[in-house]
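Note on naming: letters A, B, ... go to the chains in the order of the sequence lines (proteins, then strands), and numbering restarts at 1 for each one. All heavy atoms count here, side chains included; hydrogens, waters and symmetry mates do not.
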Protein chains: 2
Amino acid sequence: MNTTSCESGLLKIGDLVRLTGKTPRTLHFYEELGLLRPVSRTKGGFRLYGEETLLRVRWIERLQELGFSLPEIQDFLTRLQEHAYGPEAMQRLGDFYTVKLAETRATLARLQALERDLQDSIDYLNGCRTCEPLTHRARCVGCDTKHHEGRAAPELVAAVHDSTTP
Amino acid sequence: MNTTSCESGLLKIGDLVRLTGKTPRTLHFYEELGLLRPVSRTKGGFRLYGEETLLRVRWIERLQELGFSLPEIQDFLTRLQEHAYGPEAMQRLGDFYTVKLAETRATLARLQALERDLQDSIDYLNGCRTCEPLTHRARCVGCDTKHHEGRAAPELVAAVHDSTTP
DNA sequence: CCTGACTCTAACGTTAACGTAAGAGTCTGA
DNA sequence: TCAGACTCTTACGTTAACGTTAGAGTCAGG
């Protein structure tokens, strides 16, 4: 089965939709932002994309996962255009990625810490299973029963116990 | 130095602002959403918070880092109210966190993959430093010079090389 | 008791990333 | 050639998470 619906080997927006999982609106939107551009148009005005566009759309997707906003990506692309020579442009790209690598590592560290906290909280809460079922919720505040082996409630648990909820 | 500005031991919104780094508007907003509530008010109508509120605000902050939206948090809190008995409520909390733990781990895996890709791309781009500086950018497409030891450009790099940019 | 700092409510504004609908024109295969 | 599927532009709508006035009232110290 072929990827394209026209002879030209070019993709109409519907093809791209199928190949990327994006909606037409999203692709239009990317174009509005200057992230994308059809190679040409049919006489009727239908957009025709080259296959590289597929790479481009996936690239955008990855960058979004990395936490880039579309305006940021756009920003980078336009700044890239300003460099006519490859090595210089590639240096820019490298810098761009280097910054993001650092951020990604920071995010990873944060998430790992949160992962530990979640696990701690879940462990702590498991102690509650051995508690008398009819214990009223209010009595959980500062619980120091044997069920938790003397452990204090982790922050993620303690904050749930209060009068701060409407 | 004391944390509070009133004798009551209660915190006015300004105190909470200093202690949490949030803005008054944010705290008002949390209250609108039902995430927060002052313990009482002054006769003039000023909000007075207990110290637990500090925990609560930080808790919200952490949950946000974990990718919870405020409506989600609100949702959880109200569902928690429906359980009068501690152990049952705590079970709910545990479930809530268990789901999020799985998501967090998935996110971690994704980010780790992206981290590798970034590193790969940076490594690949380092090869460009030994390229003739005046090479035009267009010639980078499908570059197969010795500079990259025969490696093909990683996706994060390849997608930048095309005619898809306006 | 008065002033300067603080707080209140109400309501409109903002950014990101699209969604949705409308009305009209285009393409293509039977 | 013509119906059904696809696409076009325009433009208003949406959710999240606050920001930003605006105008008025409140508190605390000198």
* Quick one: is Thr26(A) getting a side-chain N or O under 4.0 Å of the dA17(C) phosphate, OP1 or OP2? -> no
* Let me know, please, whether Ser69(A) or Pro24(B) comes out on the 5' side of the other along DNA chain C by nearest nucleotide. => Pro24(B)
* Structure fact -> Here the distance between atom P of dC27(D) and atom CG of Leu10(B), to the nearest Å, is 14 Å
* Terminal axis angle for the helix from dC1(C)-dG30(D) to dA30(C)-dT1(D), five pairs an end, nearest 10 degrees -> 10°
* Please determine if a side-chain N or O atom of Tyr30(A) lies less than 4.0 Å away from the OP1 or OP2 oxygen of dC18(C). => yes
* side-chain contact (heavy atoms from CB on, under 4.5 Å) against Thr130(A), all qualifying residues, sequence neighbours excluded -> His147(A)
* Selection from dT9(D), dG19(D), dC18(D) that lies nearest to any side-chain heavy atom of Phe29(B) -> dC18(D)
* Asked: Would you say a side-chain N or O of Arg41(B) is under 4.0 Å from OP1 or OP2 of dT9(C)?
  -> yes
* In whole Å, what is the span from the NZ atom of Lys12(A) to the C1' atom of dT28(C)? -> 8 Å
Protein-nucleic acid N or O pairs under 3.5 Å, nucleotides 21-26 of chain C:
none

* To do: State which residues pass ring pair (Phe, Tyr, Trp, His ring centres under 6.0 Å) with Tyr124(B); sequence neighbours excluded, sorted by chain then number.
  => His148(B)
* Would you please name every residue forming a ring pair (Phe, Tyr, Trp, His ring centres under 6.0 Å) with Phe68(A), sequence neighbours left out? => Phe96(A)
* Short side-chain N/O contact from Gln64(B) to OP1 or OP2 of dC18(D), under 4.0 Å -> yes
* **Pair His83(A)-Arg92(A), side-chain donor/acceptor within less than 3.5 Å** => yes
* Residues which pass side-chain contact (heavy atoms from CB on, under 4.5 Å) with Asp123(A), listed by chain and number, not counting sequence neighbours -> Gln119(A), Arg151(A)
* Gap between atoms CG and P, on Asp15(A) and dC27(C) respectively (whole Å) -> 14 Å
* To do: Can you sort out the partners of Arg62(A) under side chain to side chain donor-acceptor pair (under 3.5 Å), two or more places apart, ordered by chain and number?
  => Asp117(B)
* **Protein-nucleotide distance (Leu36(A), atom CG; dA17(C), atom P), rounded to Å** => 15 Å
* Asked: Mind checking what makes side-chain contact (heavy atoms from CB on, under 4.5 Å) contact with Pro71(A), not counting sequence neighbours?
  -> Ser69(A)
* With the side chain of Leu70(A) defined as its heavy atoms from C-beta on, choose the nearest nucleotide among dA17(C), dT9(C), dG19(D). => dA17(C)
* Rounded off to whole Å, could you give me the CG-to-C1' distance for the Leu48(B) and dT7(C) pair? => 11 Å
* Under 6.0 Å from the OH atom of Tyr85(A), do we count more than 12 heavy atoms belonging to anything else shown? -> no
* Partners passing side-chain contact (heavy atoms from CB on, under 4.5 Å) against Thr26(B) (at least two apart in sequence or in another chain) -> Lys22(B), Thr23(B), Tyr30(B)
* CD of Glu61(A) versus C1' of dA17(C): gap in Å, rounded? -> 14 Å
* Asked: Between Glu65(B) and Arg110(A), is the closest basic N to carboxylate O distance under 4.0 Å?
  -> yes
* Any salt bridge (charged side-chain N to carboxylate O under 4.0 Å, His left out) pairs touching residues 96-107 of chain A, not counting sequence neighbours? -> Lys100(A)-Glu103(A), Arg105(A)-Glu115(B)
* Euclidean distance, atom CG of residue Leu27(A) to atom C1' of dC6(D) [Å, nearest integer] -> 14 Å
What's touching nucleotides 10-15 of chain D from the protein side, N or O pairs under 3.5 Å?
none

* Taking atom P of dC8(C) as reference, at what distance in whole Å does atom CG of Leu16(B) sit? -> 11 Å
* To do: With sequence neighbours left out, write down each residue that passes side chain to side chain donor-acceptor pair (under 3.5 Å) with Arg58(A), or none if nothing qualifies.
  => none
